[in-house]
Amino acid sequence: MREAEHAVIPPLQVGDALLLIDLQNDFFPGGALPIARAETVVPVLNDWIEAATAADLPVYASRDWHPPDHASFINQGGQWPRHCVQDTFGAAFRDDVALPPRVIPISKGAAFDRDAYSAFDGTGLASALHQRGVRRLWVGGLALDVCVQATVLDALKAGFETHLIREGSRPVDERDGREAVTAMRHAGALLEPDAPES
Ligand SMILES: [Zn+2]
């Protein structure tokens, strides 16, 4: 996507919600668990935030929110470097993401002894969305092959029409990212914009 281009946003309607995954400093270049070219998702998702806000739709933003000695960290026997420790700069939302004042944060992975990749895991998000009348979800963020994938699969299981904002997500690993897209699509996710099977 060229600098001056804007994301093409389909018409949004009542019952839609935007769900942004883990747009936190630690997942961007310079952070503890940086994802290559993560910064490219920001202008895309900012266009989506603007469109959702203009349509008066809810915007949810998940965050990895780990205690200092979380089970997912390498020094605790996990597989990730120490990242997104509660109340640190690394755990904060990146400041060029134009989150609206009424953004609804979702904290996950806060238990000492277990990890949570999906924004639905242990958060009560599915009931909150159902209560609010949300039927269709637009999902983007980081990382495509980890937390975005887990979230999209859970969203489908919970009965939401689920769209992946393809240009608004980046993987930890390119090949895993392609496989994640295939898995999400096979589970019933729709790609935005639609793209041929890769
Ligand atoms: Zn984590």
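Given the structure is predicted, the values throughout are model-derived calculations rather than measurements. Both counts, for ligands and for their atoms, begin at 1 and track the order of listing.
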Under-2.8 Å protein N/O/S neighbours of the Zn ion (ligand 1), ordered by chain then residue number | Asp64 OD2, His66 NE2, His83 NE2

With side chains defined as the heavy atoms from C-beta onward, is the minimum distance between Leu142 and Gln24 less than 4.5 Å?
-> no

Is it true that a side-chain atom of Asp26 and a backbone atom of Leu33 form a donor plus acceptor pair closer than 3.5 Å?
-> no

So does Glu39 have more than 12 non-hydrogen atoms from other groups sitting under 6.0 Å from CD?
-> yes

Parallel, tilted or perpendicular: rings of His70 and His66 (30°, 60°) | parallel

Do Asp64 and Lys108 sit within salt-bridge range, that is, some charged N less than 4.0 Å from a carboxylate O?
-> yes

Just by modelled atom types, is the Gly140 backbone N or O under 3.5 Å from a matching donor or acceptor in the Ser169 side chain?
-> no

